[in-house]
S.K.: 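Before I ask anything, let me first share the structure, which is written out below as structure tokens.
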Amino acid sequence: MGPSRLSGPQLAAFFKRNTRSPYRASVPIDVLAQLFVDEGNAENVRGDVAFAQSILETGWFSFPDGGFVRPEFNNFAGMGACGGCTVVTQPTAQLGVRAQIQHLRSYADPTSRARNLHFPLVDSFGNAHAYDTFSRKGWAPTWSQMGNGNWATDPTYAVKVLGIYNRMLISAGLPGQCPPDALGLGQPRFAYGCPNALRSPGRAIAGNPNGGYYVLNGDGQVYAFGGAPYYGSSVFPFEIARDIAVTPDGHGYVVLDGWGGVHKFGAAASLPLPSTYWPGWDIARGVAISADGHGLAVVDGFGGVHTSGSIAHLPLPSTYWRGWDIARRIQLSAADGVHTDSIYVLDGWGSVHQSGPAPRLRAAAYWPGWDIARGLVVRPRGGGYGVLDGWGVIHGTGNLPGKTFSGAARADRFRGVTLVGTVYEALRNDGFATL
């Protein structure tokens with residue numbers, strides 16, 4: 001229970017950005033999203049999380065053919081949707097949302113009664129007596145206790161709902177952390193920012209030269225912040241996205257998946273691809289775009305560098321450690337007065353391996369035997385670079401200074417770093433970018 005953290009416009013914006021499924025609800029998505037916030041706040045029920053529940057229940061409000069619930073039922077949470085059950089229907093979308101919120105209140109609050117609801121009881125339980133004596137009243141005061149017979153039989157029901165909710169938080173620029181009620185209650189924690197998750201959303205970050213930056217989630221979703229234009233995403237069914245690189249003009253970007261696939265968006269659509277595709281093998285680690293915008297470089301975990309387009313014939317650094325997944329990032333930079341890019345490859349121990357005409361710089365960091373280097377940023381024209389460690393400290397050399405980021409701690413949490421103008425932005429594994 002509690003007020004929504006997200007507003008109706010934020011919920012609607014998340015929905016529009018993240019699905020191409022046909023929208024078939026009876027009112028526009030902006031109206032429906034605001035109904036969840038208003039109805040939820042009226043009953044002190046988390047309307048934003050209920051919206052995430054409905055995304056799961058309705059297939060992003062597409063109401064797939066063959067299901068128990070049709071769009072005209074105004075039933076957004078599968079109430080009564082089972083073989084032999086009577087599916088709940090409502091005459092309006094508002095009453096459909098209200099019925100869902102009131103049901104959630106009954107699951108969450110053992111003291112809830114028809115007489116203490118903010119709005120009169122919607123006739124979905126049958127009558128006030130049925131609401132007041134509901135057999136599971138108060139059985140699920142937290143979202144982590146949903147499923148396993150509470151609302152749904154699926155034992156992973158709660159983690160699916162909370163996973164969508166955490167993506168909403170990240171989309172709105174908030175820390176992708178589980179709500180307090182999701183922690184420590186014995187449920188498996190989902191992979192979108194929850195502590196001790198099996199996987200995490202924050203994979204890579206890249207600045208746009210015209211301002212703002214992009215955050216790449218492990219599922220391939222790209223989020224644009226600070227005015228950076230959004231050009232699209234390839235959302236994968238599992239955690240396989242690895243890196244993102246922005247075109248020099250800021251009008252596009254590419255996303256690298258772990259199998260070596262390069263997904264192109266905006267102005268990056270014309271970039272030639274290197275020969276990197278290893279289906280079923282998670283070995284690709286980093287991608288970079290050349291300074292002229294006509295070439296690509298991909299580094300695999302063994303340190304192999306694969307190039308295409310205008311940089312296809314560049315000399316490569318001496319980075320190949322066969323059978324050892326230790327390469328972490330790749331960057332390109334053209335030196336002053338030289339149009340040929342230099343290549344920089346970061347290994348997990350913090351060493352930066354360089355080829356090309358850019359000046360050699362003293363090492364920024366080195367931790368032999370400790371795989372803790374996570375990010376690499378190179379100043380345009382090769383004047384300096386910085387190495388980010390997993391604890392949240394960047395180690396600079398040349399004309400790039402060092403820095404300790406907000407949230408730094410003795411834990412391997414940080415995953416990437418970029419320059420937005422002259423300002424560092426670092427990415428944590430909960431998908432939150434920090435200065």
S.K.: Have a look at Tyr253 and tell me which of Tyr223, Phe265, Tyr213 forms a ring pair (Phe, Tyr, Trp, His ring centres under 6.0 Å) with it.
M.R.: Phe265
S.K.: Answer yes or no: is there a side-chain heavy-atom contact under 4.5 Å between Asp109 and Asn44?
M.R.: no
S.K.: Just how far is it from atom CZ of Arg413 to atom CG of Asp389, taken to the nearest 0.5 Å?
M.R.: 13.0 Å
S.K.: How close do Ala25 and Leu32 get, counting heavy atoms only, and between which atoms?
M.R.: CB-CD2, 4.2 Å
S.K.: Is the side chain of Asn150 donor-acceptor paired with the backbone N or O of Ala152 at a distance under 3.5 Å, no angle test?
M.R.: no
S.K.: Which atoms form the tightest heavy-atom contact between Arg328 and Ala373, and what is the distance?
M.R.: CG-O, 3.7 Å
S.K.: When rounded to the nearest 0.5 angstrom, what is the spacing between CZ in Arg285 and CZ in Arg242?
M.R.: 6.0 Å
S.K.: Quick one, Leu332 and Ile343 - any side-chain contact, counting heavy atoms below 4.5 Å?
M.R.: yes
S.K.: Using modelled atom types and a 3.5 Å cut-off, is there a donor and acceptor pairing between side-chain atoms of Asp48 and backbone atoms of Arg5?
M.R.: yes
S.K.: Do Val255 and Ser233 come close enough that some side-chain heavy atom pair is under 4.5 Å?
M.R.: no
S.K.: If we only count heavy atoms from C-beta on, is the His263 to Phe236 side-chain gap below 4.5 Å?
M.R.: yes
S.K.: Before you tell me yes or no, could you show the steps for Glu43 and Arg46 under salt bridge (charged side-chain N to carboxylate O under 4.0 Å, His left out), namely the whole-Å CA-CA distance, both residues' side-chain angles and the distance that decides it to 0.1 Å?
M.R.: CA-CA 9 Å; Glu43 300 296 353; Arg46 296 289 298 278; over 6 Å; no
S.K.: Within this structure, what is the CG-CD distance for the pair Leu162 and Gln53, rounded to the nearest 0.5 Å?
M.R.: 10.5 Å
S.K.: On the 0 to 90° scale, with breaks at 30° and 60°, tag the Trp391-Trp370 ring pair as parallel, tilted or perpendicular.
M.R.: perpendicular
S.K.: Can you see which heavy atom on Ala33 is nearest to which on Ala12, and at what distance?
M.R.: CB-N, 3.9 Å
S.K.: Using atom types as modelled and distance alone, determine if a side-chain donor or acceptor of Asp38 lies under 3.5 Å from a backbone N or O of Asn41.
M.R.: no
S.K.: Taking all non-hydrogen atoms of both residues, which atom of Ile240 and which atom of Asp282 are closest, and how far apart?
M.R.: CD1-CG, 3.9 Å
S.K.: Evaluate side chain to side chain contact (heavy atoms under 4.5 Å, CB included) for Thr422 paired with Arg379, printing each intermediate quantity in order.
M.R.: CA-CA 9 Å; Thr422 59; Arg379 175 80 81 180; 4.3 Å; yes
S.K.: Check whether any side-chain N or O of Asn74 sits under 3.5 Å from a backbone N or O of Gly96 as a donor-acceptor pair, and report yes or no.
M.R.: no
S.K.: For the residue pair Trp324 and Trp321, does the interplanar ring angle fall in the parallel (under 30°), tilted (30 to 60°) or perpendicular (over 60°) class?
M.R.: perpendicular
S.K.: Please report the shortest heavy-atom distance between Trp143 and Ala50, naming the atom on each side.
M.R.: CZ2-N, 4.0 Å
S.K.: In Å, rounded to the nearest 0.5 Å, how long is the span from CD1 of Ile326 to CG of Leu346?
M.R.: 9.0 Å
S.K.: Mind running side chain to side chain contact (heavy atoms under 4.5 Å, CB included) on Thr418 and Tyr214 for me, showing each step along the way?
M.R.: CA-CA 10 Å; Thr418 191; Tyr214 302 97; over 6 Å; no
S.K.: Determine whether a donor-acceptor pair (N or O, by modelled atom type, separation under 3.5 Å) exists between the side chain of Arg24 and the backbone of Phe63.
M.R.: yes
S.K.: Taking side-chain contact (heavy atoms from CB on, under 4.5 Å) as the criterion, tell me which of Val45, Val97, Val49 meets it with Phe36.
M.R.: Val97
S.K.: Does Phe15 offer a backbone N or O that forms a donor-acceptor pair with the side chain of Thr19 under 3.5 Å?
M.R.: no
S.K.: Taking all atoms of both residues into account, what is the closest heavy-atom pair of Arg329 and Gly375, and its distance?
M.R.: CG-CA, 4.2 Å
S.K.: Pick from Tyr366, Tyr385, Trp367: which one makes a ring pair (Phe, Tyr, Trp, His ring centres under 6.0 Å) with His395?
M.R.: Trp367
S.K.: Enter the distance from Ser308:OG to Leu296:CG here, rounded to the nearest 0.5 Å.
M.R.: 4.5 Å
S.K.: Kindly compute the distance separating OH (Tyr424) from OG1 (Thr404), expressed to the nearest 0.5 Å.
M.R.: 11.5 Å
S.K.: Would you check if Leu35 and Phe76 make a side-chain contact, meaning some heavy-atom pair closer than 4.5 Å?
M.R.: no
S.K.: Taking Thr434 for its side chain and Phe405 for its backbone only, find out whether a donor-acceptor pair lies under 3.5 Å.
M.R.: no
S.K.: So, does Asp347 use its side chain to make a donor-acceptor pair with the main chain of Trp349 at under 3.5 Å?
M.R.: yes
S.K.: Is the centre of the Phe14 ring less than 6.0 Å from the centre of the Tyr165 ring?
M.R.: no
S.K.: For residues Gln34 and Ser7, determine if any side-chain heavy atom of one lies less than 4.5 Å from a side-chain heavy atom of the other.
M.R.: no
S.K.: Please lay out, stage by stage, how Asn18 and Arg167 fare under the test side chain to side chain contact (heavy atoms under 4.5 Å, CB included).
M.R.: CA-CA 10 Å; Asn18 285 278; Arg167 287 176 61 189; 3.1 Å; yes
S.K.: Would you say the side-chain atoms of Tyr131 pair up with the backbone N or O of Gln102, donor to acceptor, closer than 3.5 Å?
M.R.: yes
S.K.: What I'd like to find out is whether the side chain of Leu427 reaches to under 4.5 Å of the side chain of Val417, using heavy atoms alone.
M.R.: no
S.K.: Within the structure provided, determine whether Arg105 and Met1 are in side-chain contact (heavy-atom separation under 4.5 Å).
M.R.: yes
S.K.: Please assess Val352 against Val387 for the test side chain to side chain contact (heavy atoms under 4.5 Å, CB included), listing each intermediate value before the final yes or no.
M.R.: CA-CA 8 Å; Val352 176; Val387 172; 3.7 Å; yes
S.K.: Okay, side chain of Thr397, backbone of Ala364: is any donor-acceptor separation there less than 3.5 Å?
M.R.: no
